[in-house]
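To keep things clear, I will list the structure first and then write my remarks on it.
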Amino acid sequence: MENKIKGLLLEHSENLFGTQINENIIQFQLTRKDVEGDFTLVVFPFSKLMKCAPTDAANKIGAFLQNQIEEIEKFEAINGFLNLSLKDSFWFETLKSIRQTPNYGYAPENSKPTIMVEYSSPNTNKPLHLGHLRNNFLGYSVAEILKANGHKVIKTQVINDRGIHICKSMLAWEKFSPINDKGERETPSNTGLKGDKLVGKYYVEFDKHFNAEAKSIIEQWNSKNFDGFPKQIIEEFLKFESAKIGKDEKAIQAIEDKIKELAKNQTSLLKEAKEMLIKWEARDPQIYLLWTTMNNWVYEGFESTYKKMGVDFDNLYYESETFLLGKDIVLKGLKDGIFYKKDDGSVWIDLTADGLDEKLVLRSDGTAVYMTQDIGTAIDRFNDYPDLNGMVYTVGNEQDYHFKVLFLILKKLGYKWADNCFHLSYGMVDLPSGKMKSREGTVVDADDLIDEVIEKAAEMTNERGHLEGMSEDAKNELFYQIGLGGLKYYLLKVDPKKRMMFNPEESVDLTGNTGPFIQYAFARINSLIKKANGFSRNFSGNYSISNEEKEIIKILQNFPSVINEAASSYSPALIANYAYELVKSYNHFYQSVKILTEENEDIKNTRLALSEQVANTIHLCLKPLGIESPEKM
RNA sequence: GGUCCCGUAGCUCAGCUGGAUAGAGCAACUGCCUUCUAAGCAGUAGGUCUUUGGUUCGAAUCCAAACGGGAUCACCA
């Protein structure tokens with residue numbers, strides 16, 4: 001309809017305004033609720049052209065449009081706003097056409113280019129926590145949203161399975177794990193611990209001993225005992241010590257941190273870990289076996305958590321296989337003059353002309369850094385998938401700068417697809433008590449949280465749900481769907497780029513703007529349709545439409561553009577908020593009109609059809625959010 | 001210090017490609033289940049949209065500055 005009007009105005013532009021008008025001054029909006037009308041044309045821009053008062057201009061355009069378009073019932077000009085009312089039949093026809101479109105709002109499958117979405121990308125030393133949940137739900141959801149928009153999507157994650165930190169937990173396990181009477185160290189099977197939790201435990205264990213050792217080294221230095229330390233280190237320590245004199249508290253703290261760093265580097269534990277890394281890189285069979293064993297424990301643990309979260313991946317990239325990539329690209333870029341070499345042999349790129357800094361891409365010893373690896377991996381992926389068109393990296397906003405640099409480098413290297421790379425940056429999740437800090441034990445574990453949320457859902461559903469005739473399995477499935485649905489909705493309804501507050505109590509809420517609220521509306525419609533026991537989908541809509549019905553149709557009509565917008569801005573929050581708006585409006589309708597008890601068959605059928613369409617749309621909203629739509633709850 | 005992100009009701013968030021009197025939820029208070037699922041609905045109360053300037057017929061929305069919060073600026077990943 002809006003396009004129709006646009007076309008007419010453009011076509012008769014000379015006549016109406018005495019000049020050809022620019023398309024983008026034609027602006028529509030929904031009519032304010034307290035004013036009569038369905039949608040509104042903003043006429044301020046025209047009144048200038050027409051050289052008359054806004055109201056006169058509105059009246060003139062209104063008369064013209066009513067004359068031209070049959071569906072316009074009437075119009076009213078208020079100030080610079082032309083409020084147009086459409087005939088009831090228009091709305092019924094709109095509903096019919098929406099109903100006739102399968103998956104209304106979605107684009108045809110695989111009609112758009114392939115996009116890879118990377119998310120999760122955990123470190124194998126740390127069990128998944130609340131921050132990962134936001135990451136995973138976001139990444140999964142954006143992937144599904146892109147699918148709904150017709151893109152072919154490859155979901156992937158990078159597994160950070162190598163490096164010094166991995167050696168730390170391996171070493172700690174070897175050194176500190178108790179040995180049972182069968183002569184075994186702790187394993188997932190003999191402790192009953194989840195693999196990722198067990199490995200995480202030893203990573204923490206390493207840190208404890210490591211810090212203790214560093215502390216005792218500092219104490220030794222403070223008592224002027226420097227036995228067994230290289231001269232260079234001692235000199236550095238003394239330099240720091242003398243620098244402390246006369247400084248304020250903050251500066252002293254900074255210096256002490258540096259001293260701590262220095263001491264840490266002297267610990268036997270770190271030295272051993274480094275040796276282990278060297279052995280690993282040389283593929284020492286014993287170390288490799290340990291590494292594979294412990295990593296497999298972690299993968300099993302992660303696998304079960306992912307399953308609970310309801311996320312999946314099409315392909316995995318292991319850093320142990322990709323960490324050497326990128327070096328030859330850098331060397332080639334060096335030859336082409338994109339990078340330059342410093343005297344010490346390190347390779348850099350100068351991005352100061354683009355408002356960024358200089359960035360290291362290869363160490364002086366020729367080894368790769370994070371950036372090198374990321375350059376290589378990106379290129380590698382485009383080789384793996386020849387039809388790949390773009391990539392989305394779901395990574396926290398602390399890496400905004402890194403990705404800015406990465407994409408710029410790729411562009412400078414001449415990869416055209418660099419423009420189609422997007423950093424899906426999201427803010428940190430805070431707790432009411434403040435930031436999550438592993439050191440202070442305030443990290444919210446993903447498994448624990450999910451269990452908690454399901455338990456709470458079970459409790460509430462047992463209290464008020466409609467569970468009669470459900471098997472235990474079906475009930476448990478329902479509790480899971482509600483609990484997890486609530487959690488996902490809670491994390492996804494907020495604009496991704498914003499830092500958000502996670503309130504554990506609110507996250508299990510069932511009332512208000514929550515996942516269960518949306519799910520409940522779906523279940524309720526489902527029960528309605530079931531009770532209707534078959535109804536004629538061929539309604540004529542030959543009655544005076546109510547405002548409630550019209551409102552819902554307007555919202556339904558808007559669904560395709562919401563799906564579209566959610567993809568182009570990579571924001572599941574838009575869909576969550578849309579679903580909420582739709583449900584609120586439907587609930588209002590549900591409580592104010594009769595549906596099953598309506599005597600007029602045609603009205604009843606129309607309202608059932610409308611309800612059914614709302615349920616369909618709710619489902620189409622929840623699906624890309626990764627939230628289930630239970631039929632009964 | 002440079003760069004980037006954020007600042008809307010007591011709390012958590014929508015609204016931001018400029019448009020009419022700024023919206024929800026939670027918390028507080030009042031009503032509505034012998035009628036389709038009350039996890040619902042209707043209502044009351046709650047605002048200097050951080051501040052100050054600018055652009056405009058019109059600014060929560062755009063621009064600039066200030067203030068406040070956060071991130072980042074490693075031969076870490």
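To find a chain, count down the sequence lines: A is the first, B the second, and so on, and within it residues start at 1. These numbers come from a predicted model, not from an experiment.
Of the C1' atoms belonging to rA14(B) and rC49(B), the separation is 13 Å, rounded to the nearest Å. Across rA42(B) and rG23(B), the matching P atoms stand 16 Å from one another, rounded to whole Å. Comparing the same atom, P, in rC26(B) and in rA20(B) gives a spacing of 26 Å after rounding to whole Å. A gap of 28 Å separates the C1' atoms of rG58(B) and rG46(B), to the nearest Å. Between the P atoms of rC62(B) and rG18(B), the separation comes to 9 Å (whole Å). Between rU72(B) and rA9(B), the distance separating the two P atoms is 27 Å to the nearest Å. Using atom P as the reference point in both rA59(B) and rA22(B), the two lie 13 Å apart (nearest Å). Taking the P atom of each, rA45(B) and rG54(B) are spaced 35 Å apart, rounded to whole Å.
Residue Lys584(A) places none of its side-chain N or O atoms closer than 4.0 Å to OP1 or OP2 of rG23(B). For Lys435(A), a side-chain nitrogen or oxygen approaches OP1 or OP2 of rA71(B) to under 4.0 Å. Not one side-chain nitrogen or oxygen of Lys498(A) sits closer than 4.0 Å to the OP1 or OP2 atom of rC13(B). For Tyr520(A) and rA39(B), the shortest distance from a side-chain N or O to OP1 or OP2 is below 4.0 Å. A sub-4.0 Å separation between OP1 or OP2 of rC6(B) and a side-chain N or O of Lys497(A) is present. For the OP1/OP2 pair of rA38(B) and a distance below 4.0 Å, the side-chain nitrogens and oxygens of Arg524(A) include at least one atom meeting the criterion. For Asn160(A) and rA77(B), the shortest distance from a side-chain N or O to OP1 or OP2 is not below 4.0 Å. The phosphate of rA77(B) (OP1 or OP2) has a side-chain N or O of Arg363(A) nearer than 4.0 angstrom. Contact annotation: His402(A) does not reach the phosphate of rU72(B) (side-chain N/O to OP1 or OP2, under 4.0 Å). The phosphate of rG19(B) (OP1 or OP2) has no side-chain N or O of Thr40(A) nearer than 4.0 angstrom.
Take the nearest nucleotide of RNA chain B for Gly345(A) and for Met501(A): the residue whose nucleotide is more 5' is Met501(A). Summary of the strand contacts: Asn577(A) and Ile164(A) both lie near RNA chain B, and taking for each the nucleotide with the nearest heavy atom, the more 5' one is attributed to Asn577(A).
Ring stacking holds between Phe81(A) and rA20(B), with the centres under 5.5 Å apart and the planes within 30 degrees of each other.
Nucleotide rC41(B) forms a Watson-Crick or G-U wobble pair with rG31(B), both donor-acceptor distances falling under 3.5 Å. Of the nucleotides present, rG54(B) is the one that pairs with rC62(B) by Watson-Crick or G-U wobble criteria, both distances under 3.5 Å. Across all strands shown, rA74(B) forms no Watson-Crick or G-U wobble pair with both distances under 3.5 Å. The base-pairing partner of rA22(B), taking Watson-Crick or G-U wobble contacts with both distances under 3.5 Å, does not exist among the strands shown. The partner of rG68(B), taking Watson-Crick or G-U wobble pairs whose two distances both stay under 3.5 Å, is rC6(B).
Across rC36(B), rA39(B), rA42(B), the shortest atom-to-atom separation from the side chain of Ile482(A) is found for rA39(B). Comparing atom distances between the Leu510(A) side chain and each of rA39(B), rC4(B), rC36(B) picks out rA39(B) as nearest. When each of rA77(B), rC41(B), rA14(B) is scored by its nearest atom to the side-chain atoms of Glu319(A), the top-ranked nucleotide is rA77(B). Comparing rA20(B), rU21(B), rU3(B) against the side chain of Thr31(A) picks out rA20(B) as the nearest. The side chain of Gln399(A) approaches rA77(B) more closely than any other nucleotide in the set rG19(B), rA20(B), rA77(B). Checking rG15(B), rA20(B), rG40(B) against the side-chain heavy atoms of Leu574(A) singles out rG15(B) as nearest. Checked against rG40(B), rC36(B), rU21(B), the side chain of Lys531(A) finds its nearest nucleotide in rC36(B). In the set rG25(B), rC36(B), rC57(B), rC57(B) carries the atom at the smallest distance from any side-chain atom of Lys48(A). Side-chain proximity of Tyr590(A) to rA38(B), rC13(B), rC26(B): nearest is rA38(B).
Within the nucleic acid shown, Asn503(A) has no heavy atom closer than 4.0 Å to any nucleic acid atom. Base engagement by Met633(A) is indicated by at least one non-hydrogen atom pair under 4.0 Å involving a base atom. Asn587(A) comes within contact range of the sugar-phosphate backbone alone, with a heavy-atom separation under 4.0 Å but no base atom that close.
As rounded to whole Å, 16 Å separates atom C1' of rU72(B) from atom OH of Tyr426(A). The CD1 atom of Ile26(A) sits 19 Å away from the P atom of rU17(B) (whole-angstrom rounding). Atom pair Tyr401(A):OH and rA77(B):P shows a separation of 17 Å (rounding to whole Å applied). Nucleotide rG15(B) holds its P atom 10 Å from the CD atom of Glu565(A), rounded to whole Å. Glu398(A) has its CD atom 19 Å from the P atom of rC76(B), to the nearest Å.
Asp357(A) contributes no side-chain N or O that forms a donor-acceptor pair with the base of rA74(B) under 3.5 Å.
Looking at Asp365(A) and Arg363(A), no side-chain N of the basic residue comes within less than 4.0 Å of a carboxylate O on the acidic one, giving no salt bridge.
Side-chain polar atoms of Asn503(A) and Tyr490(A) form no donor-acceptor pair below 3.5 angstrom.
Checked against the 6.0 Å centroid threshold, Phe517(A) and Tyr580(A) count as a close aromatic pair.
Put simply, the residue from Leu133(A), Asp430(A), Leu487(A) that forms a side chain to side chain contact (heavy atoms under 4.5 Å, CB included) with Phe502(A) is Leu487(A).
We find the NZ-NZ distance between Lys274(A) and Lys271(A) to be 9.0 Å, quoted to the nearest 0.5 Å.
A tilted orientation is assigned to the rings of Phe407(A) and Tyr393(A), their planes being inclined by 30° to 60°.
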